[in-house]
Enquirer: 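Got a structure for you, written out below as structure tokens; questions coming shortly.
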Amino acid sequence: MNKKKEIVMSGIRPTGFLHLGNYFGAISNYVKMQDDFECFFMVADLHSLTTHPDTKELKGNVHRVLAENIACGLDPEKVALYCQSHVHQTGELYLYLNMLAYKGELEKTATFKDKARLHPDNINAGLLTYPVLMAADILIHRAKYVPVGKDQEQHLEIARTYVNRFNHRYGEVFPEPVAYNFDNKLVKVPSLDGGGKMSKSENKLATLYLADEDTDIRKKVMKAKTDSGPVENNSKKPDYIENLFLLMKLVSTKETLNHFEDRYNDCSIRYGDMKKQLAEDMVSFISPIRNKVNAILDDEAYLQKIMKHGAEKATEHAEITMKMVRNAMHLNYFI
Ligand code: TRP
């Protein structure tokens, strides 16, 4: 049973303030993967420079993202949890991959076109080669699986193109990375205003953040849209009511959920009671995570230790890959 574990790599944007959708959508999956795979989870601080050249808040954001991921259950002893900028080998691989990356292809990337439209006065080369840096992040660990959402699939496709070009030109070094796609299996976390998923950019009052105080959580849940209740037994739930049940399913006990399902089905439900219960269960779910995040953020020495430890693990592994790369490319003039 000493089989070598397959390698998983993913990058997390240091935008901070994760919400319930991020928790059930991504982090809980990272946490599930940490026992079965050799995992490299990285805070993509360098990528953020392509659109956010002002770095004043970067350190705080990086710390928050690390603290949030650890508080949600990522174990820095099991996985390599590190910052992109601490693994210098990535920059070297990025340079080599840039020679395999064609400008025309990069210009067609959806995220490039979107961001270029959004920041017309800062269409820098780093933005254009964003997918090359992401490919370097993945390939530096010769990762096979990359847990990412749908919006990153095109970047992975590009990474596979570079793998094929590299392997074809210099010899087999990299496996083709594939998306570890949990998008379909995922519980979608609905927003509190009845429409769509919980998300950072949409309505902040309809999104529950892991940093929210108990009073905010209660306020947001109590504001969720309801109506005067069903009038016919066992009727179909409107979307906004279905969403409340979905949220309850995530954080409440089965008994609680069944209780309100029954009350809905026999038309005796009082949404005020349901929301009060949901609010309390939400508070019980979120507040321990929030408190843990804050405790970690207060302990800068601990965060430094985690970052150093992660950087060492990731750097050591990256250097093994780079030796293979330099050999394959005949950039080894001393031997
Ligand atoms: N581009 C990813 C995002 O926007 C973040 C990222 C950077 C990443 N490097 C990565 C994801 C490597 C997976 C693998 O979310």
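Nothing fancy with the numbering, it's 1 onward along the sequence. As the structure is a computational prediction, the values presented were derived from the model and not from experiment. Every number for a ligand or one of its atoms is a count from 1 in the order of the listing. Note that these values count all heavy atoms, side chains included, but never hydrogens, waters or copies made by symmetry.
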Enquirer: Between Phe40 and His317, how do the two ring planes meet: parallel, tilted or perpendicular, split at 30° and 60°?
Expert: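 If you compare the ring of Phe40 with that of His317, the planes turn out parallel.
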Enquirer: List of N/O pairs, ligand 1 versus protein, all under 3.5 Å?
Expert:
from	atom 1	to	atom 2	distance (Å)
ligand 1	1 (N)	Tyr130	OH	2.7
ligand 1	1 (N)	Gln152	OE1	2.8
ligand 1	4 (O)	Arg13	NE	3.0
ligand 1	4 (O)	Tyr130	OH	3.2
ligand 1	4 (O)	Gln152	NE2	3.2
ligand 1	9 (N)	Asp137	OD2	2.8
ligand 1	15 (O)	Arg13	NE	3.3
ligand 1	15 (O)	Arg13	NH2	3.4

Enquirer: Checking Asp281 against Gln277 for the side chain to side chain donor-acceptor pair (under 3.5 Å) test, could you report, in this order, the C-alpha distance in whole Å, the side-chain angles of both residues, the deciding distance, and whether it holds?
Expert: CA-CA 6 Å; Asp281 293 341; Gln277 180 69 47; 3.2 Å; yes
Enquirer: Do the ring centers of Phe174 and Phe166 come within less than 6.0 Å of each other?
Expert: yes
Enquirer: Are His141 and Tyr82 near enough that their ring centres are under 6.0 Å apart?
Expert: yes
Enquirer: Classify the angle between the aromatic ring planes of Tyr23 and Phe285 as parallel (below 30°), tilted (30 to 60°) or perpendicular (above 60°).
Expert: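 Answer is perpendicular, since the angle exceeds 60°.
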Enquirer: Please list all pairs meeting salt bridge (charged side-chain N to carboxylate O under 4.0 Å, His left out) that have one or both residues in residues 312-325, counting only residues at least two apart or in different chains.
Expert: Lys308-Glu312, Glu319-Lys323, Glu319-Arg326
